[in-house]
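These notes concern the structure reproduced below.
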Number of protein chains: 2
Amino acid sequence: MKIGELAQVAQCTVETVRYYEKEGLLSAPARTRANHRSYGECHVERLRFIRNCRALDMTHAEIHTLLGLMDQSAADCGGVNQLLDEHIAHVDVRMAELSQLKQQLSELRQRCQSEQTMDACGILQGLASMETGPRHERQTHLG
Amino acid sequence: MKIGELAQVAQCTVETVRYYEKEGLLSAPARTRANHRSYGECHVERLRFIRNCRALDMTHAEIHTLLGLMDQSAADCGGVNQLLDEHIAHVDVRMAELSQLKQQLSELRQRCQSEQTMDACGILQGLASMETGPRHERQTHLG
DNA sequence: GTTGACCCTATAGGAACTTTAGGGTGTGCA
DNA sequence: TGCACACCCTAAAGTTCCTATAGGGTCAAC
Ligand SMILES: [Zn+2]
Ligand SMILES: [Zn+2]
Ligand SMILES: [Zn+2]
Ligand SMILES: [Zn+2]
């Protein structure tokens, strides 16, 4: 199976597949005489797994950890469960941040109900006079 | 006023100030004989404005547009109001996405209630068998 | 005259890709 | 046989908003 077919069944681009290989998420496949990558069924499964993790907004580091845990089939799945809990916490943090942001933006929006002159626009006044503290570090990988 | 003082009153780093100048958000100031940047009160105001916009997660492109609108003091503020509405929509979109994500993750988490063997872990089974469609284009700049 | 705090430019890195440049391979068709 | 065309290859740069580093210059105090 060539890279284009693999990409098609996994719903991503060939560039993405090559990128995952470079990042060490997908192992390097055999090559044909023409130096083309040749994939098997286990690559399909692994790539689908990775794409599903990405669809859930996990980082490459999280996915890498997960793949590592999975490959220790003798161990129990406690680490997997924990990783998922932590990732859910990332989502919760970002939802709370966005919720507060939305609140601030809504309040700002209310300060100009109709089209004013620039000088009278409550939004511009608000943006000029807000007192923003030092920027807080990002708590989560979700932007 | 030197760059270090400006950065301090605007709660950011000198590197950030220089970066904004390079990006065209902050106009290049006069220089001293020693080639050091020398800022006035209008730079303070503009930088604070920019930082406040960033605190509200606007992109540089959005801020650039906003600054352009502001500088046309003859016009009315309709464009400003519209830009803010659009940015609020960006936040709404991302909140909805995260909400759905959280839902999916919670369902997945429920598939493994105690520590199983890897093979039996419902989370890993779920991640292997999810049917993720082609990734949807990002609708918003908020990650 | 030397320490130290500040300033300068230019460049690289981070995340997760996408895009581009510049080529090689293999198959169908006239 | 010749050639178009779809596919494959690598390497490098672009995306966003900064941060960090390297390698230097300037200025006041002690
Ligand atoms: Zn996470
Ligand atoms: Zn207005
Ligand atoms: Zn926006
Ligand atoms: Zn489990």
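Throughout, protein chains are lettered first and strands after them, A, B, ... in sequence-line order, and every chain is numbered starting at 1.
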Once you round it to whole Å, what is the distance between C1' of C:dC17 and CD1 of A:I63?
12 Å
Base, sugar-phosphate, or nothing for A:R54, non-hydrogen atoms under 4.0 angstrom?
sugar-phosphate
From C:dT19, C:dA16, D:dT26, nucleotide with atom closest to A:Y19 side chain
C:dA16
Is there a side-chain polar atom (N or O) of B:T13 under 4.0 Å from OP1 or OP2 of D:dC18?
no
Just call it for B:R31: base, sugar-phosphate, or nothing, with non-hydrogen atoms closer than 4.0 Å on any strand.
sugar-phosphate
Can you find a heavy atom in the side chain of A:L25 that is under 4.5 Å from one in the side chain of A:Y19?
no
Over all strands shown, is B:H60 touching base, sugar-phosphate only, or nothing at heavy-atom distances under 4.0 angstrom?
sugar-phosphate
Between OG1 on residue B:T65 and CD on residue B:E62, distance to nearest 0.5 Å:
7.5 Å
Please give, in whole Å, the distance from C:dT19 C1' to A:R18 CZ?
12 Å
Any donor-acceptor pair under 3.5 Å linking the side-chain atoms of A:E97 with those of A:S99?
no
Identify, between B:K22 and A:H141, the residue whose nearest nucleotide on DNA chain C lies closer to the 5' end.
B:K22
Integer-rounded Å distance: C:dT19 C1' and A:E15 CD:
8 Å
Scan A:R138 against the nucleic acid and name what it touches under 4.0 Å (heavy atoms): base, sugar-phosphate only, or nothing.
nothing
Find the distance B:E137:CD to D:dT15:C1' and express it as a whole number of Å.
14 Å
Hey, does the side chain of A:R37 come within less than 4.0 Å of D:dT10's phosphate (OP1/OP2), counting only N and O?
yes
State whether B:Y20 places a side-chain N or O below 4.0 Å from either non-bridging phosphate oxygen (OP1 or OP2) of D:dC18.
yes
Provide, to the nearest angstrom, the distance between the CE atom belonging to A:M58 and the P atom belonging to C:dA16.
12 Å
Hey, are A:Y20 and A:R51 close enough side-chain-wise for a donor-acceptor pair under 3.5 Å?
yes
Of the nucleotides D:dC9, D:dT26, C:dC8, which has the atom closest to the A:N35 side chain?
D:dC9
Whole-Å distance separating the CD atom of B:E23 from the P atom of D:dG14:
13 Å
A:C121 side chain reached by A:R111 side chain, heavy atoms, under 4.5 Å:
no
Between B:S106 and B:Q104: side-chain donor-acceptor atoms closer than 3.5 Å:
no
Taking the side chain of A:T16 as heavy atoms from C-beta outward, which of C:dC8, C:dC7, C:dC17 is closest to it?
C:dC17
Tell me which nucleotide among D:dC18, D:dA20, D:dC8 gets nearest to the side chain of B:R51.
D:dC18
Mind calculating the distance between CG (B:L26) and P (D:dC18) to the nearest angstrom?
13 Å
Base, sugar-phosphate or nothing for B:T32? Non-hydrogen atoms, less than 4.0 Å.
nothing
5'-most contact on DNA chain D: B:A34 or A:K2, nearest heavy atom basis?
A:K2
Name the closest nucleotide to the B:H36 side chain, picking from C:dC7, C:dT9, C:dT18.
C:dC7
Tell me: CD1 of A:I3 to C1' of D:dT10, nearest whole Å?
12 Å
